Amino acid sequence: MYLSANRRINTAVCALQIYPRFAIQPGQGCILRVPKEATATTVIKTAVATLDMDSSKPYILVEVQEYGGEEWVLQASDQPVQRVLLWPRKAQDKHPQSDGYFFALQEGSYDGSIQYDVMASVRQEKVAQGLVNRGFVTQHPQKYDDLCNLPELTEESILGTLRHRFHKQKIYTFASNILIAVNPFKFLPIYNPRYVKMYENHTLGKLEPHVFAIADAAFHTMLNKQVNQCIVISGESGSGKTQSTNFLIHCLTALSQKGYTSGVERTILGAGPVLEAFGNAKTAYNNNSSRFGKFIQVNYLESGVVRGAVVEKYLLEKCRLVSRGKTERNYHVFYYLLIGASEEEKDEFKLLRPEEYHYLKEEIPISEDQAEMKHEFRRLHQAMEMVGFLPPTKKQIFSVLSAILYLGNVMYEPKVVGEGLKVGPDRVLSAISDLLKVKVELLVEALTTRKAMTANDTLILPYSPSEAITARDSMAKSLYSALFDWIVLRINHALLNKRDLEDICLDIEFDKIFSSSQCLSIGVLDIFGFENFKMNSFEQFCINYANEQLQYYCNQRIFKLEQEEYMAEGIIWHNIDYPDNIGCISLFSKKPTGLFYLLDEESNFPQATDSTLLEKFKQQHQDNPFFVQTPVREPAFVIRHFAGKVKYQIKDFREKNTDHMRPDIVALLRSSECSYLRQLIGANPVAVFRWGILRATIRTLAVFNEAGRSWAEKHPVFISFLNISDLGLGSIRELHAKVLQSLKQFGGEVPQKLRLSTISIVLNVILLFSVQNLIDSHSLKFIMGLTQHNRATRSLLHLHTKKKPPSISAQFQASLSKLLETLRKAEPFFVRCIRSNGDKREMHFDDALVLQQLRYTGMLQTVRIRRSGYGAKFTFKEFTEQFRVLLPKEISTPQQDITSLLTKIGLPSSSFQIGRTKVFLKESERQILQEALHKEVMRSIIILQRWFRACLMRKQYLREREGIITIQVLFVWLARGCLVINSATFPGPRRNPTIKISRATRVQEKWNASLDREITDSNELHHLDEFLGNQVCVLSETEKIFFLATTQFRDTIKSMYSISNSNIGYKDLMSGYQKRVASLAGLKKASEVPLVVNLFQSVLDGFIRGELKRLETEPCKVKERNRRKSKRDKCPDGPLGHLFSTYQVTIMQSCDQCSSYIWGMEKAFMCSSCKMVCHKKCLSKITVNCTGHCDRKKEGEQTLHFGVPLCALVRTADSVPFVMEKMLVHVEMNGLYTEGIYRKSGSVCRAKELHHILEKDPQAVSLDNYPIHTITGLVKLWLRELPDPLMTYSLYNDFLYAADLPEASERLRAIYRKLDELPPSNFSTLERLIFHLVKVAKEEAHNRMSANALAILFAPCILRCPDSSDPLLSMKDINKTTLCVEILINEQTRCYNQKMEEIQQLENAEAMAINQLKLRRQNTVRNFTYWMICTLPFNSFIFLKKLVNLSETVVSLDSQQQASWQESQSDRSWLAF
């Protein structure tokens, strides 16, 4: 039913096979031999006659291109053979009809329309559309969020879809991977942090269109491909480009804050409001129009953490400062300052009311805006602090702004006597002088006269009134432009990562900057939109040229390069025409007749005027179709842009093109006493920075020198003791020469104060070290190397040089070329911004205006190529590597194997094509293929697990079978041995061997009875630890096993009473002690185990009886546990499971509770789990449960213990689930010395049995009846079956990024910062688990479980990716998850060892203090007794000794003491003591 062509190009006749579209049998047709010049009419007549069809009916020939999505009706004069020659080579020869290129012969109508009799769906759509057009039925709303899915692709359908979505407040629409954003001129509450979380790591197009989806796609594409990305935002003025940029930067910084925040994100977010205040203004089309272009390049580490950023600015509109339209305003910062400043600030900066300034008189802020402007001024203050501006710096900036406004109030009038002008008023000049710190005389001279250089002299010429006003305005514009440049420089310096300086090497010979390490980046371009005002000047001329270049770049990436790739690969494709604007670009920039070059040429001629410039424009381009002639007397010209015709007024073109800082103004500002003002007008910020520090150093040294002289005059005696030769200054001449040489490298002359005759020797040496530090200023050099091309205001017109700086247009072209070069090196994402109406009305959709924008941006052609083209492209190598699991093991011919795979999956042949080196897929089919890969990988994983478990079970079966056989053999051997022994006779009864420790053999029944007691208080464990310590101290060294076992057991007790456990019994303690003794004794000393255990049991029984007596005598005291608040208690009263913390809002958002606005830079509260944002006052009003983790367990609700959300298993936020705690305690008491405790698996049957019992009644189960490996297996199973793992899904990527940081300290700090964001129940359970793993790892010598081995086993249990993630990508993250868990175990092990050492030190100190107290007490008693005895007569002492029977060990007097005592009897003078 279609026409296929079998062409022979070299012959004059071609064979065509025609299939009528309405044939009864499919495939019925005829073969015609027609000449190459045959028209469609001739072919139709021949086909109708050959097929014996009704010749009275009209017929048409339609070219069907399924891959292009179009049907082209051939006109009567069209030549079908020529149409065939335009097809791809594969389609030109005879081919199957399913290849996608056909001609359809069908019946037409007499009015020329096409009848769709067979295409029922199309016919029904046409009928329905006709009824809608006639008004019989209402049009059904379109529900397509992607324009590529529209059933009928026309301008009307695209416009209708955008209109329908706009009225439903859905301002975003996809066109494949291109985002269309319609400006609603209203804030919509769709930019809160929960939306960032919603779109994180989702495939583009899976969720509702949003600007955050583009940011997330660019971010993860950069990480996955390791290729730089850029987001190009285009649209005319008022379309919302600036807001889209703010939203993108907000989302990119939120995505990058993964565990470690370097502070760069805060600076990036603060830079936006600062740049908007100084560079944005209200225009006729936009209330926040960017009057400069900016490109923000955010640099990332390979892990996705922000490393730094660079802001590049383009062409600030300086003329807006002095003149603008009646309905427009000056830059925002002036109104913020005048309305928002406090009374003290108004007095300090000499501020007036806005209507009193000449530069602001065109537009006075209405009273309704004042509250908003006061808030914006506070927001500007906070943003400047975030960027790093100190309060003194902010004051200096505001002083310059006030001086600029005062310059507009300077008035001129002719002098009464003599030539020249009189300037005033005096109060204005005085205010400018005070604000700029310049002399009034110099200020008046700069505003009224100019200097002219001659061959022998310098002339001072007065200004005319018009020239004076121009000079005044030029000074204001130069000051503001320099201030803006300085702000951008400071922002870049704040955004610079200091580690980048370590990777920079300077090539002095070529004066270039190279970077030794490459980092990834995402660039966001927010450039001025296309403008067409009533009066368009030089600024609109440059702006619209930039938009022409941007449109050309978009066309290149969307159309030309795409289609060239299709042709190069030889796939079937019909080229889609698109509007090409290369001719208009050539009109601007082609050498040597481009408009920019003609403008520069006329600007260099002193006698040239704007009229001569216009005449040259018309003369050179009178035949150019993009240049439209205007009437002779009209000083304007018209250019036909891609967005329409624009008329430019030629006035001031030459002046604005050469608008540099005037020499007189430069000299005036350099004479200022304010160092900050001198920095603004410096040509080289590096040199200004160095000279500023050098000047401060010299002044500091002068102060020290003067202080030293004063001190020397007051202390002349000490000077004579000083020896100058001891200072080591023999080579002072050489050092001084080095100082002067270093200073000459700065590009200036050596100051007189630095000469050897004016500075002392010591000061020169100190200055040398200062200069060496000043030379190392790489940061400013690095920034200057990045942004030197856009520093237009740094061009100084020096009097002593003939070389003029480059013009404004030349610098603008250079910066634009660098921008386009940067964009070409990155993979782009496009955001097309559409202005909904021209009146800035909220939620108003102007069909005509929107349709105009859709047309000149080529949206219909864009959607057509996106729908017909292939969004996914893979080279054969990339395809085989990514989808290796689906392909055969041995790939001989990639084309055939890939085609077979795609056909096997069920993809239609029209959805993919195989080229020479690449595979082309549509995006929807790529997702289907990705899902098939996911299923196959999961199936393979299950098979591997099944085989691995089978191998383990087989190995266990063989091991048990071998053990059973061995036991049987031994049993037979023992049976035979017993028969032999029983046949023999022994004289007398046998005696038991002698027991060395006699008290350890007297084991009584009451000991076992006392072990049934359970410990209910952690203080009892503390008492037990002290009791065992005292028992160990009295034992002899020969009982080594008991000593070691008890010492280690004390450490276990310390770790137990540091964690509150209420279900620990003495039987568990005894069982653990017995296993510890058996491990220490080994096989050689196994006989000593019962003796040591009996001894310990007797000691333990004594403690229990003593503890029972203590409890009987002491009253029961209930102690309240005062939990110390930690950093995790961010908001202890978080309602309904929320975990709120303070949150600084950077872009306007809405409260999720009350729906009111939260302005930028305000403080709010955000839940770290579900990302809910609200005011502080709304915390108590929240009624919505946290969706980040589950709700609390409801009363009366019966829940299981496995596979249940963690928050439903705990009673309090800081408790641990009962089943988990019970199993961990049992493992710690009975399994720490078991080899491979967590590596080996237990019996499956016993595990199922214990699992069932724990689910039913966990309190009644006795874990002693089950092997330890069964219990450890259930521990891992309990963790794996949690719906949300301990380290939650929401923080999974955060932990990965934290583990991937370069430095160990940063990794540790980032991981623990993310742990604080876990829900309380998760945190407490994870803390208990990690402590348990630390105890396991400490016994590595016995259980062979190191920290790394434990991390490998437990990382998949507690830190796992969502099930929806790509399994292949998640397998690549195993190393990171393992490292994260291992870091936690090692850090807690370090803390544990440190704590135990501190406890041991305290115990040693306590024992030492007790011993010292005992010794002092004994010495005190001895001395007192000695003194009492010495006071008695000797006979009384003998009598007392006999009476009390004092022993020599109690009171003994040695010979010296007796002699002393006898002397005391003769001389009692010592009693005076």
Side-chain angles (χ1 to χ4, degrees), residues 246 249-250 252-253 256-257 260-280 292 294-300 305-313 332-333 336-337 340 345 376-401 480 482-502 504 674-680 682 685-686 688-690 692-693 696 773-774 776-787 790-791 1144-1147 1160-1163:
N246 294 337
I249 295 298
H250 170 75
L252 290 175
T253 52
S256 68
Q257 293 176 357
Y260 176 72
T261 304
S262 59
V264 180
E265 295 91 343
R266 176 180 171 86
T267 308
I268 293 174
L269 296 175
V274 175
L275 294 176
E276 285 186 22
F278 286 87
N280 289 26
F292 72 105
K294 64 176 178 289
F295 181 69
I296 304 175
Q297 181 174 316
V298 185
N299 300 323
Y300 296 88
V305 177
V306 171
R307 175 169 180 166
V310 177
V311 178
E312 300 183 28
K313 67 95 179 174
H332 292 327
V333 67
Y336 296 166
L337 177 62
E345 291 174 330
E376 290 295 338
F377 186 67
R378 293 193 299 268
R379 182 188 178 206
L380 176 62
H381 266 291
Q382 295 179 6
M384 295 176 76
E385 292 176 0
M386 292 172 65
V387 173
F389 290 161
L390 299 175
T393 305
K394 290 191 291 185
K395 291 182 179 180
Q396 292 169 342
I397 292 175
F398 295 148
S399 297
V400 174
L401 292 177
Y480 191 79
L483 175 64
F484 191 79
D485 276 349
W486 184 87
I487 290 175
V488 174
L489 180 69
R490 286 296 302 269
I491 289 175
N492 282 325
H493 193 270
L495 293 174
L496 179 65
N497 191 315
K498 300 304 182 288
R499 291 179 185 168
D500 291 339
L501 302 180
E502 301 175 1
I504 297 172
C674 179
S675 60
Y676 173 76
L677 197 62
R678 294 193 297 268
Q679 293 181 24
L680 295 185
V686 179
V688 172
F689 173 74
R690 286 174 167 175
I693 296 182
N773 293 331
L774 291 178
D776 188 17
S777 57
H778 295 316
S779 58
L780 283 176
K781 273 196 173 184
F782 181 61
I783 296 172
M784 289 296 298
L786 294 176
T787 59
N790 58 24
R791 300 184 58 80
Q1144 171 128 21
V1145 177
T1146 55
I1147 60 174
M1161 299 302 165
E1162 285 187 354
K1163 295 288 186 180

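All values below come from the heavy atoms of this structure, side chains included, with hydrogens, waters and symmetry mates left out. What you are looking at is a predicted structure, and each value in this text was computed from that prediction instead of being measured.
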Enquirer: How far apart are the closest heavy atoms of Leu380 and Pro273, and which atoms are they?
Expert: CD1-O, 4.3 Å
Enquirer: Apply side-chain contact (heavy atoms from CB on, under 4.5 Å) to the pair Tyr480 and Leu401, showing each step before the final yes or no.
Expert: CA-CA 8 Å; Tyr480 191 79; Leu401 292 177; 3.8 Å; yes
Enquirer: Against Leu495, only a single residue in Val310, Val306, Val311 fulfils side-chain contact (heavy atoms from CB on, under 4.5 Å); can you say which?
Expert: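 Testing each of Val310, Val306, Val311 against Leu495, the sole residue satisfying side-chain contact (heavy atoms from CB on, under 4.5 Å) is Val311.
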Enquirer: What's the spacing between Lys294 NZ and Ile491 CD1 if we round to 0.5 Å?
Expert: 10.5 Å
Enquirer: Compare every heavy atom of Ile268 with every heavy atom of Ala309, then report the nearest pair and how far apart it is.
Expert: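 Closest approach of Ala309 to Ile268, heavy atoms only: CB-CD1, 3.8 Å.
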Enquirer: Once salt bridge (charged side-chain N to carboxylate O under 4.0 Å, His left out) is applied, what residue pairs with a partner in residues 387-397 remain, sequence neighbours excluded?
Expert: Glu385-Lys394
Enquirer: To the nearest 0.5 angstrom, please state how far the NZ atom of Lys313 sits from the CG atom of Leu489.
Expert: 11.5 Å
Enquirer: What residues, two or more places apart in sequence or in another chain, satisfy ring-ring contact (aromatic ring centres under 6.0 Å, His included) together with Tyr336?
Expert: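 Residues passing ring-ring contact (aromatic ring centres under 6.0 Å, His included) with Tyr336: His332.
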Enquirer: Which heavy atom in Ala494 sits nearest to a heavy atom in Thr267, and how many Å separate them?
Expert: CB-CG2, 3.7 Å
Enquirer: Kindly compute the distance separating CG (Leu483) from CG (Leu677), expressed to the nearest 0.5 Å.
Expert: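 These two atoms lie 10.0 Å from each other.
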Enquirer: I'd like to check the side-chain hydrogen bond (donor to acceptor under 3.5 Å, both in side chains) partners of Gln396; sequence neighbours left out, ordered by chain and number.
Expert: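 Not a single residue meets the side-chain hydrogen bond (donor to acceptor under 3.5 Å, both in side chains) criterion with Gln396.
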Enquirer: Measuring from Asn246:CG to Ile296:CD1, what's the distance to the nearest 0.5 Å?
Expert: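 Atom-to-atom, Asn246:CG and Ile296:CD1 are 8.0 Å apart.
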Enquirer: Using side-chain heavy atoms (C-beta onward) and a distance below 4.5 Å, is Phe278 in contact with Val488?
Expert: no
Enquirer: State which residues pass ring-ring contact (aromatic ring centres under 6.0 Å, His included) with Phe484; sequence neighbours excluded, sorted by chain then number.
Expert: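 Result, ring-ring contact (aromatic ring centres under 6.0 Å, His included) vs Phe484: Phe292.
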Enquirer: What's the spacing between Arg266 CZ and Thr253 OG1 if we round to 0.5 Å?
Expert: 12.5 Å
Enquirer: Could you go through the side-chain contact (heavy atoms from CB on, under 4.5 Å) check for Ile397 and Met384 one step at a time?
Expert: CA-CA 11 Å; Ile397 292 175; Met384 295 176 76; 3.7 Å; yes
Enquirer: Listed by chain and number, what are the ring-ring contact (aromatic ring centres under 6.0 Å, His included) partners of Tyr676, not counting sequence neighbours?
Expert: Trp486
Enquirer: Among residues at least two apart in sequence or on other chains, which ones pass salt bridge (charged side-chain N to carboxylate O under 4.0 Å, His left out) with Glu276?
Expert: none
